[in-house]
J.: 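Right, I'll just put the structure down here and ask away after.
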Amino acid sequence: MGARPLIIDCDPGQDDAIALLMAIASAEEFELLGITAVAGNVPLAKTEANARRVRDLAGRPELPVYAGCPRPMVRAPVTAEAVHGPSGIDGADLPEPSRPAEETHAVDFLVQAHAEASRPVTLATLGPLTNVALAIIKNPSILDNVAEIVAMGGAIGLGNVIPAAEFNIYADPHAAHVVFEAGVPLTMVGLDVTRQAIATPARIEAIRSLETTPARAVCGMLEYYGARTTAAYRHGPPLHDPCVIAYLLKPELFEWRDMHVAIELAGEHSLGRTVCDVYGRSGAPNARVLEHVDADGFFALLSERLARLPASAQ
């Protein structure tokens, strides 16, 4: 069948940046049709520029990046500079992008790409689901050509932005509701699993030992990001978004269960909570929910993919 057609929707963010590097380094497995950016960790002007910086860092300046939605569908915007820094990828110190974003809006690109693809397309979503939801609303027929959606977001247990909710879902719960109810194969890569993928000092040093420009940028981002998550994660920062790419590359690193997941849209203290029906009481499953990861295997895969990237920045 050849490489899997893939679109990555993201809001870089250090962990988004590392996920993009993993995916770009996996050309045998992925035919990367494009990268779409959405407002999330930082505003849209920064997320789309960061996606272009990371594309250049990976040695693929020709990859198209499309700027998408600057705010959620309904609620007020939420950002996370306190964790990711003013730029979103503080610690990397990357140069200005080599060329601008494409003129086409990300939502229009998503609709067009799915309409024109000769094989069903996989969507890897690393941020709020605004772009994807609006593409579905604009043209529901794109769902006929979606192979699967693998979404970083949600949690069976506790959240990270409020006690009950994870950031990506909380940032645009109405978009998440549209995507989770779309009826296509959906894998939820939530905090329960991503909090196991901890970038300990030893794992960071293993990446640093690659002695390449991308590896140095990754280590810088992890050190910045880690310094801002020590209150919650004493042993190092969790790599949320790269778990999406790792799952697509090596699903055998993960364990999961199928269950129905609903999105809380009205709770005073639980807006954006993913209500995961672990015991099968609320109907047929609509998602595969990841629960465990082989963390050592995950970091071995990450290092192996980073080693494939050009040693020097473009």
Side-chain angles (χ1 to χ4, degrees), residues 7-24 35-58 65-72 77-94 97 101 106 123-132 150-155 159-161 165-172 175-176 189-191 194-195 197-199 204 207 214 217-229 232-233 236-246 272 302 306:
I7 296 171
I8 300 176
D9 188 71
C10 57
D11 63 334
Q14 288 93 347
D15 55 333
D16 302 73
I18 296 168
L20 285 172
L21 292 173
M22 282 186 77
I24 293 170
I35 301 165
T36 53
V38 66
N41 287 320
V42 288
L44 178 66
K46 294 182 178 180
T47 62
E48 65 89 3
N50 289 343
R52 291 184 286 128
R53 287 184 176 93
V54 173
R55 165 197 70 188
D56 292 351
L57 176 66
V65 172
Y66 301 85
C69 296
R71 54 155 297 155
V78 179
T79 55
E81 288 93 343
V83 174
H84 297 281
S87 76
I89 55 171
D90 281 35
D93 193 25
L94 300 181
L123 282 171
T125 71
L126 313 179
L129 288 161
T130 317
N131 287 339
V132 177
V150 182
M152 193 280 126
N160 61 354
V161 63
E166 177 275 331
F167 177 84
N168 285 343
I169 306 299
Y170 179 78
D172 198 340
V189 185
L191 296 177
T194 66
R195 282 170 168 158
I198 298 296
I204 293 175
I207 294 170
V218 166
C219 291
M221 288 189 286
L222 288 175
E223 287 164 350
Y224 183 97
Y225 175 45
R228 279 144 187 82
T229 59
Y233 307 103
L239 289 190
H240 304 296
D241 296 328
C243 285
V244 169
I245 306 305
L302 172 59
L306 293 176

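This structure is a prediction, so every number in the text was calculated from the model and none was measured.
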J.: In a check of side chain to side chain contact (heavy atoms under 4.5 Å, CB included) between L21 and each of L306, D16, L302, which one passes?
T.: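 Single side chain to side chain contact (heavy atoms under 4.5 Å, CB included) partner of L21 among L306, D16, L302: L306.
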J.: Determine whether I35 and C10 make a side-chain contact, defined as any pair of heavy atoms from C-beta on separated by less than 4.5 Å.
T.: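 Contact flag for I35/C10 side chains = yes.
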J.: Measure the CG-OG1 distance between D15 and T194 for me, rounded to the nearest 0.5 Å.
T.: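 Reported value, rounded in 0.5 Å steps: 8.5 Å.
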J.: Give a yes or no on whether the backbone of R53 and the side-chain of D56 come within a donor-acceptor separation of less than 3.5 Å.
T.: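 The answer is no, because no donor-acceptor pair under 3.5 Å joins these two groups.
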J.: Side-chain contact, heavy-atom cut-off 4.5 Å: M152 with N168?
T.: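 M152 reaches N168 side chain to side chain.
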J.: Is D172 reaching over with its side chain to a backbone N or O of P72, donor-acceptor style, under 3.5 angstrom?
T.: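 Between the backbone of P72 and the side chain of D172 there is no qualifying donor-acceptor contact (under 3.5 Å).
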J.: Taking D90 for its side chain and Y224 for its backbone only, find out whether a donor-acceptor pair lies under 3.5 Å.
T.: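 The answer is no, because no donor-acceptor pair under 3.5 Å joins these two groups.
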J.: Is there a donor-acceptor pair closer than 3.5 Å between any side-chain N or O of K46 and the backbone N or O of P12?
T.: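 Looks like no, no N/O pair under 3.5 Å.
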J.: Contact between M221 and I18 at the side-chain level, heavy atoms closer than 4.5 Å - yes or no?
T.: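 The answer is yes, as the side chains (C-beta and beyond) meet within the 4.5 Å cut-off.
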J.: Rounded to the nearest 0.5 Å, what's the gap from CZ on R52 to CG on L57? Could you check?
T.: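 Going from the CZ atom of R52 to the CG atom of L57 covers 14.5 Å.
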J.: Under the side chain to side chain contact (heavy atoms under 4.5 Å, CB included) criterion, do T79 and N41 qualify, and how do the steps go?
T.: CA-CA 5 Å; T79 55; N41 287 320; over 6 Å; no
J.: So how far is it from L44 CG to R71 CZ, rounded to the nearest 0.5 Å?
T.: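 Separation between the atoms: 13.0 Å.
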J.: Between the side chain of E166 and the main-chain N/O of G154, is any donor-acceptor distance below 3.5 Å?
T.: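 Looks like yes, one N/O pair under 3.5 Å.
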J.: Once you round to the nearest 0.5 Å, how far does CZ of R195 lie from CG of N160?
T.: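 Going from the CZ atom of R195 to the CG atom of N160 covers 5.5 Å.
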J.: Is it the case that the side chain of S87 and the backbone of I89 share a donor-acceptor pair, with hydrogens and angles ignored and the cut-off at 3.5 Å?
T.: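 Pair found, side chain donor or acceptor close to backbone of I89.
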J.: Going by side chain to side chain contact (heavy atoms under 4.5 Å, CB included), T125 matches just one of I8, V132, I7. Which one?
T.: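 For T125, the side chain to side chain contact (heavy atoms under 4.5 Å, CB included) test succeeds with only one of I8, V132, I7, which is V132.
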J.: Nearest heavy-atom pair of A39 and P70: which atoms, and what distance?
T.: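 In this case the closest contact between A39 and P70 is CB-O, 3.4 Å.
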J.: Would you say that L20 contacts I245 through its side chain, given a criterion of any heavy-atom pair below 4.5 Å between the two side chains?
T.: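 Heavy-atom side-chain distance check fails, nothing below 4.5 Å.
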J.: Taking the six-membered ring for Trp, are Y225 and H84 parallel (under 30°), tilted (30 to 60°) or perpendicular (over 60°)?
T.: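 Geometry flag for H84 against Y225: parallel rings.
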J.: A side-chain contact here means heavy atoms from C-beta on lying under 4.5 Å apart; do L126 and V244 qualify?
T.: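 Heavy-atom side-chain distance check passes, below 4.5 Å.
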J.: Would you say the side chains of D11 and T47 form a donor-acceptor pair under 3.5 Å?
T.: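 Looking only at side-chain atoms, T47 and D11 do not form any donor-acceptor pair under 3.5 Å.
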J.: Keeping the roles fixed (side chain from N131, backbone from D9), state whether a donor-acceptor pair exists under 3.5 Å.
T.: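 Side chain of N131 to backbone of D9, a donor-acceptor pair under 3.5 Å: no, none is there.
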J.: Return the minimal non-hydrogen interatomic distance between C243 and V189, and the atom names on each side.
T.: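 So the two residues come closest at CB-CG1, 3.7 Å.
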